[in-house]
Amino acid sequence: MGKWLLKSEPTTWSWADQIREVTTKWDGVRNYQARNHMKKMNLGDLCFFYHSGIKEPAIVGIVTIIKTYEPDPVDPSFGHVTVEVCETLAFPVTLKAIKMEPSLENLPLIKQSRLSVMPVTESEWATLLTMGSKE
DNA sequence: GCCAACGTTGGC
DNA sequence: GCCAACGTTGGC
């Protein structure tokens, strides 16, 4: 099962919005690399939900893929997956904390800060999950 | 608000 | 196909 990380600016789409609406089409991605990652997502894959563009950027929750990639009828070069709320992390995992963890230095979040959809390895996932379950 | 990183566009 | 100009993202 695949593991991923999705970025969102809270002013555009926040975790509170996600909780309220439960399911969402993850659209608006206009970057080929990010789109290619979305195309590789399978049903049941889990994604960290990351808040960017704020004072304390952080992973705040987890969503799951309930519908795989579909092209946008208007602009078929791009498209969306559909996600559903899975869980809220007990403690947000801040970018600051991620940067302090040596085993996470290869996360694209660090090296390729502009990428909005990225893969996460199983071990990175486990590390982040642990960080999100305790203070 | 600034700036670095980097993807995209368009002229040649 | 190269590369300069430009636009966007996102951390600080």
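None of these values were measured; they are calculated from a predicted model. Protein chains get the first letters and strands the later ones, always in sequence-line order, with residue 1 at the start of each.
Going from atom CD of A:Gln112 over to atom P of C:dG10 covers 11 Å, rounded to whole Å. The nearest whole Å value for the distance from the NZ atom in A:Lys99 to the P atom in C:dG10 is 13 Å. Following rounding to the nearest Å, A:Glu56 (CD) and C:dG11 (C1') show an atom-to-atom distance of 12 Å.
A:Leu115 and A:Pro108 get closest at one heavy-atom pair: CD2-CB, 4.3 Å. Across all non-hydrogen atoms, the minimal contact from A:Lys111 to A:Glu105 is CG-O, 3.9 Å. Closest non-hydrogen pair, A:Gln18 versus A:Phe49, comes out as OE1-CE1, 3.7 Å.
Between A:Trp15 and A:Tyr50, the ring centre distance reaches or exceeds 6.0 Å. In this structure, the ring of A:Phe78 has its center no less than 6.0 angstrom from the ring center of A:His80.
Between A:Trp4 and the options A:Leu46, A:Asp45, A:Val83, a side-chain contact (heavy atoms from CB on, under 4.5 Å) holds for only A:Asp45.
No side-chain donor from either of A:Glu21 and A:Thr24 sits under 3.5 Å from a side-chain acceptor of the other.
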Distances under 3.5 Å only, N/O to N/O: pair up the protein atoms with those of nucleotides 1-9 of chain C.
| residue | atom | partner | partner atom | Å |
| --- | --- | --- | --- | --- |
| C:dT8 | O2 | A:Arg114 | NH2 | 2.9 |

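Comparing the start and finish of the helix from B:dG1-C:dC12 to B:dC12-C:dG1, five pairs each, the helix axis swings through 10°, to the nearest 10 degrees.
A:Ile54 comes within 4.0 angstrom of no nucleic acid atom, judged by non-hydrogen atoms across all strands.
You'll find the side chain of A:Thr64 stays beyond 4.5 Å of the side chain of A:Cys47, heavy atoms only.
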